[in-house]
Number of protein chains: 2
Amino acid sequence: MPAAPGRPLEFDPDTALTAAMHLFWRKGYENSSMLDLLEAMQISKSSLYQAFGGKQALFERCMTRYGDLMIGQLHDALASAHSGLGFIRQFLESVLDEARGVCEARGCLVMNTANEFARRDPAIAEAVAQGLRRFHGVMLAAVRRAQIEGDIPPDRDAVMLANYLVSSMSGLKTLSKAGADEASLKGTIALVLKALT
Amino acid sequence: MPAAPGRPLEFDPDTALTAAMHLFWRKGYENSSMLDLLEAMQISKSSLYQAFGGKQALFERCMTRYGDLMIGQLHDALASAHSGLGFIRQFLESVLDEARGVCEARGCLVMNTANEFARRDPAIAEAVAQGLRRFHGVMLAAVRRAQIEGDIPPDRDAVMLANYLVSSMSGLKTLSKAGADEASLKGTIALVLKALT
DNA sequence: GGTTAAGTGGACCAAACGGTCCACATTGGT
DNA sequence: ACCAATGTGGACCGTTTGGTCCACTTAACC
């Protein structure tokens, strides 16, 4: 594509979008003020409105971006995992990092958003639903692989098990945010895994 | 206690507090404005500040009130349930009402608060932790009763199972808020129950 | 009935909110 | 060199936020 006339952007939209995503992830939608966003994204208000349209439009793009990043990451992790079940275990155990304080307990943007908005806004509800579907897809692939590998009985309903995993992960993240200790989380993870076989 | 001098209150603090609790429950802390609260509680701003001190103080009292009501309700339900396992099933299945649209999907105040605040505010983090402990206590009693009644093997770690139930319930509520269909929730509930035996 | 203690309504406040607008800067095309 | 097109910084906007203050009302007590 030929270079467009006019002054070029002084920032990388991708980088800025990612920065906004991290802010929303950490603090939620309402709690991330315009000032916070500008500071995190390192752009001026005009640029934000010009490039992203506004706070809510920006947020919706962040949701998509989050899904892209996370699903890609999970897909890679699944592809390089020793086994489907190993991937699932690793996935569940990732909440322990939050509990141990290795990283901030910010949960999952999709679930956080589901909790913050319930279904007040249709556009955001749809973004949440899509995020959920994508996560479910990864879990489904993992379960099916584990069934092929003989770690999960083939007669179990893979779709339901995937639902169960998404739900369980959400519960674990919330518990972690609520300040549950590591032992409780570990015990719960063990029970979740046990339910798969 | 002798009647205090001065003008008497024109509202019932208990009723007002409960109304505030329901608002916070439905809309969260940040999303409930002072105006919303005054309207819901049917009192003037002066009265609110006089009687409850401010928004956050009011919220903390609402958290306690929520715990009192819920734990009382659950305790009664457990006492009058046919079996410990029956109570647990009934408890988990209560999310289906939200999914069916029978009532609004507002989740659980304690878990909602955990998600909204993570551990930003120490006082609120403590309120969340206490709410969690109380819920865990009820679940623990239910599990132990189910063990006595032979529905859950006596060698299972009751404390961990109670943790697992709290986590699972939280996950179900979030999924419900995210717009999951009834069949998914039912399937997940079945898997949760299966993990207990 | 006057005095005192308490409650209430509404005006008022500074700060923060998301959003708009415009003068100016910076580029490519001619 | 000039022009058209685009980006940027900052002033500015009305609204809403949680919170304070005070004049006024209402009751109990002596």
Side-chain angles (χ1 to χ4, degrees), chain A residues 1-17 19-21 23-63 113 116-117 120-124 127, chain B residues 1-17 19-21 23-63 113 116-117 120-124 127:
Chain A
M1 126 179 151
R7 184 172 163 183
L9 280 174
E10 284 189 1
F11 62 96
D12 175 20
D14 240 49
T15 308
L17 186 62
M21 179 199 79
L23 186 69
F24 282 133
W25 191 357
R26 206 154 34 86
K27 312 213 325 173
Y29 179 79
E30 293 286 356
N31 220 310
S32 298
S33 77
M34 221 57 207
L35 214 70
D36 293 335
L37 284 166
L38 300 182
E39 198 171 322
M41 301 169 78
Q42 295 274 43
I43 64 176
S44 76
K45 198 179 278 203
S46 316
S47 304
L48 191 152
Y49 276 86
Q50 172 110 352
F52 303 103
K55 194 184 179 188
Q56 172 146 344
L58 171 63
F59 182 69
E60 286 165 29
R61 290 193 54 178
C62 285
M63 289 282 287
T113 305
E116 183 172 352
F117 284 87
R120 218 186 328 267
D121 184 297
I124 292 185
Chain B
M1 133 176 150
R7 184 172 163 183
L9 279 174
E10 283 189 2
F11 63 94
D12 176 20
D14 240 49
T15 308
L17 186 61
M21 179 200 79
L23 185 69
F24 281 133
W25 190 358
R26 211 159 24 94
K27 313 215 320 174
Y29 179 79
E30 293 285 357
N31 218 312
S32 299
S33 77
M34 224 54 209
L35 215 68
D36 293 335
L37 284 166
L38 300 183
E39 198 171 325
M41 302 170 78
Q42 295 274 43
I43 62 177
S44 77
K45 196 179 278 201
S46 315
S47 304
L48 191 152
Y49 276 85
Q50 172 108 350
F52 302 103
K55 194 184 177 186
Q56 173 148 341
L58 171 63
F59 182 69
E60 285 165 27
R61 291 193 52 178
C62 285
M63 289 281 288
T113 305
E116 183 172 352
F117 284 87
R120 217 186 330 266
D121 183 297
I124 292 186

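All values reported here derive from a predicted model rather than from experimental measurement. Below, each value reflects all heavy atoms present in this structure, side chains not excepted, and no hydrogens, waters or symmetry copies.
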>> For Glu116(A) versus Gly28(A), what's the shortest heavy-atom pair and its separation?
In response: OE1-CA, 3.6 Å
> Nearest-Å distance, CE (Met34(B)) to C1' (dA15(C))?
Replying inline: 16 Å
Sub-3.5 Å pairs of nitrogen or oxygen atoms, protein against nucleotides 12-16 of chain D:
none

> Within this structure, what is the CG-to-P distance between Asp12(B) and dG7(C), rounded to whole angstrom?
Replying inline: 14 Å
>> Could you tell me how far apart Lys27(B) (NZ) and dT17(D) (C1') are, to the nearest whole angstrom?
In response: 13 Å
>> My understanding is that only residues two or more places apart in sequence, or in another chain, count here; which of them pass salt bridge (charged side-chain N to carboxylate O under 4.0 Å, His left out) with Asp36(A)?
In response: Lys27(A)
> Could you state the CD1-P distance from Ile43(B) to dA6(C), rounded to the nearest angstrom?
Replying inline: 19 Å
>> By nearest heavy atom, map Glu10(B) and Ser32(B) onto DNA chain D; which one lands nearer the 5' end?
In response: Ser32(B)
>> How many whole angstroms separate atom CZ of Phe11(B) from atom P of dT26(D)?
In response: 17 Å
>> Can you list everything that forms a side-chain hydrogen bond (donor to acceptor under 3.5 Å, both in side chains) with Glu60(B)? Sequence neighbours excluded, please.
In response: Gln56(B)
> Partners of Tyr29(B) by ring pair (Phe, Tyr, Trp, His ring centres under 6.0 Å), sequence neighbours excluded?
Replying inline: Phe24(B), Phe59(B), Phe117(B)
>> I need the full list of salt bridge (charged side-chain N to carboxylate O under 4.0 Å, His left out) pairs touching residues 38-58 of chain A, with sequence neighbours left out, sorted by first then second residue.
In response: none
>> Rounding to an integer number of Å, can you tell me how far Glu39(B) CD sits from dT17(D) P?
In response: 12 Å
> Going by number, which of residues 49-58 of chain A have a non-hydrogen atom under 4.0 Å from DNA chain C?
Replying inline: Tyr49(A), Lys55(A)
> CG of Leu48(B) versus C1' of dG10(C): gap in Å, rounded?
Replying inline: 15 Å
> Where do Met21(B) and Cys62(B) come nearest, in terms of heavy atoms and distance?
Replying inline: N-SG, 3.4 Å
Mind listing the N/O atom pairs, protein and nucleotides 3-5 of chain D, below 3.5 Å?
none

> What heavy-atom pair brings Tyr49(B) and Gly54(B) nearest, and what distance separates the two atoms?
Replying inline: CE2-CA, 3.7 Å
>> Please enumerate all residues that pass side chain to side chain contact (heavy atoms under 4.5 Å, CB included) together with Ala57(B), with sequence neighbours excluded.
In response: none
> What closest approach, in Å, do Thr15(B) and Asp12(B) show between heavy atoms, and which atom pair accounts for it?
Replying inline: OG1-OD2, 2.6 Å
> Of all residues at least two apart in sequence or in a different chain, which pass the salt bridge (charged side-chain N to carboxylate O under 4.0 Å, His left out) check with Glu10(B)?
Replying inline: Arg7(B)
>> Tell me the interatomic distance from Glu30(A), atom CD, to dA16(C), atom P, rounded to whole angstroms.
In response: 17 Å
>> My understanding is that only residues two or more places apart in sequence, or in another chain, count here; which of them pass side chain to side chain contact (heavy atoms under 4.5 Å, CB included) with Ser46(A)?
In response: Ser44(A)
>> What's Ser44(A) touching, base or sugar-phosphate or nothing? Going by heavy atoms closer than 4.0 Å.
In response: base
> Under the 3.5 Å rule, do the base of dG10(D) and the side chain of Ser46(A) count as making a donor-acceptor pair?
Replying inline: yes
